[in-house]
Q: 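Here it is: the structure, laid out below.
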Amino acid sequence: MTDTLRIGCAVDAFALDDPAYRDAIARLFTVVTAENAMKFLLLRPDRDTYDFANADRIMEFAEAEGKAVRGHTLAWHSQLSEWVADAPAEERAGILRDHIDTVVGRYRGRIEQWDVVNEALDDDAQPRESPWFEAMGIDYIADAFRWAHEADPSARLFLNDYNVEDLCPKSDAYYELAKQLLANGVPLHGFGIQGHRIVGDPPTSMRENLQRFADLGLEVALTEVDVRMPVTEVEHASDVQLAAQAADYRTMIEAARAVPACTSFVLWGLSDAHSWIPETFAGFGAAHVFDEALRPKPAFEAVFSDTVGPSYAKEPVLR
Ligand code: 9MR
């Protein structure tokens, strides 16, 4: 069986200090994304400072271990330093351009895919209000892609968003946006579907959705996959929920595998021990493929059972 789909994970720069974590990421995955370290807020505490320490740690780890890197992310409304919104609107295009030149330029030739614009549309499929949109209008999207392409002509440049797994009004709006950008000669190379889901509600038309973007000539990817479930402090995930979760992971990875233009399937976190979910969605958790004790869950089997290649150990115990 040939398998072009690479399995990846979002990586926390500080967690790399934990040998078990570092080893698991190195052993299980062929692509990594910085969960936070390459975001504007983390790189740009103030206007005159670029702090690359944590982003560099992830790059160095990835290069030492031979992993591809997805860069995340250049233009986003969230985790954006407050000083951007405080800057006069007429200066913001310059700020974004300088940011993209500097960050993409630093890692030129070393980052395979960049999420250039993240979450550009809101839940009504309208352009999301952000300091970039406010100052530059919708053209900030095309500009960001052009600047990123100039800074690294070899990087594959992606739009990326959530709630776009299926054929739906929001993914329709992305399809139209992608067509328009391509018609205008904008260097857009890929569409990233994040894949944050709630257990028991799997996507039903993800393959068709991925395929229509592929038919535009784009690469596609699942970029931030997790499947959360209701949990309480006393009541942990039940076997029934864990089986349902595994089925949902399987639905997504099977759709990704069915589309040859889908190049990566990236998990948004390794284990339930370190997860963004509980602090964002009260009463939810257990979203990842390893549990809090770093034991593989049924979802691990769903993701890895059909995965081939020497880097995938059959023995998934982490400690
Ligand atoms: O996992 C990230 C978490 O640690 C941050 O606190 C959060 C801030 O918004 O961002 C999380 O990652 C997000 C990603 O960058 C973009 N898509 C949604 C992800 C989950 O919020």
Side-chain angles (χ1 to χ4, degrees), residues 8-18 21 25 29 31-45 51 54-55 57-58 69-82 84-85 99-100 103-104 111 113-123 125 128-133 141 144 148 157-165 170-171 174 190-199 203 220-229 248-249 252 264-290 292:
C9 193
V11 170
D12 178 75
F14 297 104
L16 286 176
D17 292 338
D18 171 357
Y21 179 87
I25 301 286
F29 303 103
V31 52
V32 296
T33 308
E35 183 175 2
N36 288 298
M38 293 187 189
K39 292 172 176 173
F40 199 108
L41 178 69
L42 287 296
L43 294 176
R44 309 293 305 283
D51 178 357
N54 288 320
R57 287 166 84 185
I58 290 179
V69 178
R70 300 197 76 260
H72 177 79
T73 176
L74 300 167
W76 189 28
H77 66 282
S78 181
Q79 285 178 295
L80 180 60
S81 314
E82 273 179 27
V84 174
H99 183 78
I100 289 175
V103 177
V104 178
I111 290 196
Q113 304 179 346
W114 266 109
D115 290 331
V116 175
V117 181
N118 194 38
E119 302 170 6
L121 303 181
D122 65 18
D123 287 339
R128 192 184 284 278
E129 297 289 334
S130 73
W132 309 124
F133 178 72
I141 297 177
L157 306 181
F158 276 64
L159 287 165
N160 189 53
D161 212 329
Y162 62 85
N163 288 351
V164 290
E165 288 75 22
K170 190 169 175 182
S171 63
Y174 268 104
F191 182 58
I193 292 179
Q194 293 182 3
H196 299 292
R197 303 294 301 190
I198 300 178
V199 71
V220 289
L222 267 290
T223 57
E224 306 184 14
V225 179
D226 50 37
V227 179
R228 63 186 180 270
M229 60 178 74
D248 294 353
Y249 271 95
M252 288 195 271
S264 353
F265 186 91
V266 179
L267 308 177
W268 205 245
L270 180 68
S271 81
D272 299 337
H274 299 282
S275 171
W276 70 284
I277 299 282
E279 65 192 42
T280 308
F281 299 104
F284 282 84
H288 308 285
V289 302
F290 288 91
E292 291 195 0

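Read the numbers this way: they start at 1 and go in the same order the structure lists the ligands and their atoms. FYI, side chains are in, hydrogens and waters are out, and symmetry mates aren't considered; it's all heavy atoms of this structure.
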Q: With the side chain counted from C-beta on, respond yes when Phe158 and Asn118 share a heavy-atom pair under 4.5 Å apart, and no when they do not.
A: no
Q: Any side-chain heavy atom of Phe191 sitting closer than 4.5 Å to one from Val164?
A: yes
Q: List in chain and number order the residues that pass side-chain contact (heavy atoms from CB on, under 4.5 Å) with Pro278, two or more places apart in sequence or in another chain; answer none if no residue qualifies.
A: Ser275
Q: Hey, what polar pairs (N/O, under 3.5 Å) does ligand 1 make with protein?
A:
{"from": "ligand 1", "atom 1": "1 (O)", "to": "Glu35", "atom 2": "OE2", "distance (Å)": "2.5"}
{"from": "ligand 1", "atom 1": "1 (O)", "to": "Trp268", "atom 2": "NE1", "distance (Å)": "2.9"}
{"from": "ligand 1", "atom 1": "4 (O)", "to": "Glu35", "atom 2": "OE2", "distance (Å)": "3.4"}
{"from": "ligand 1", "atom 1": "4 (O)", "to": "Asn36", "atom 2": "ND2", "distance (Å)": "3.0"}
{"from": "ligand 1", "atom 1": "10 (O)", "to": "Lys39", "atom 2": "NZ", "distance (Å)": "3.2"}
{"from": "ligand 1", "atom 1": "10 (O)", "to": "Gln79", "atom 2": "OE1", "distance (Å)": "3.4"}
{"from": "ligand 1", "atom 1": "12 (O)", "to": "Lys39", "atom 2": "NZ", "distance (Å)": "3.3"}
{"from": "ligand 1", "atom 1": "12 (O)", "to": "Trp268", "atom 2": "NE1", "distance (Å)": "3.2"}
{"from": "ligand 1", "atom 1": "15 (O)", "to": "Lys39", "atom 2": "NZ", "distance (Å)": "2.7"}
{"from": "ligand 1", "atom 1": "15 (O)", "to": "His72", "atom 2": "NE2", "distance (Å)": "2.7"}
{"from": "ligand 1", "atom 1": "17 (N)", "to": "Glu119", "atom 2": "OE2", "distance (Å)": "2.9"}
{"from": "ligand 1", "atom 1": "17 (N)", "to": "Gln194", "atom 2": "OE1", "distance (Å)": "3.1"}
{"from": "ligand 1", "atom 1": "17 (N)", "to": "Gln194", "atom 2": "NE2", "distance (Å)": "3.4"}
{"from": "ligand 1", "atom 1": "17 (N)", "to": "Glu224", "atom 2": "OE1", "distance (Å)": "2.6"}
{"from": "ligand 1", "atom 1": "17 (N)", "to": "Glu224", "atom 2": "OE2", "distance (Å)": "3.4"}

Q: Between His288 and Asp272, is there a side-chain donor-acceptor contact under 3.5 Å, judged purely by atom types and distance?
A: no
Q: Do Leu43 and Asp51 come within less than 4.5 Å of each other through their side chains, counting heavy atoms only?
A: no
Q: Looking only at the side chains, is there a donor atom on one of Trp276 and Asp226 sitting less than 3.5 Å from an acceptor on the other?
A: yes
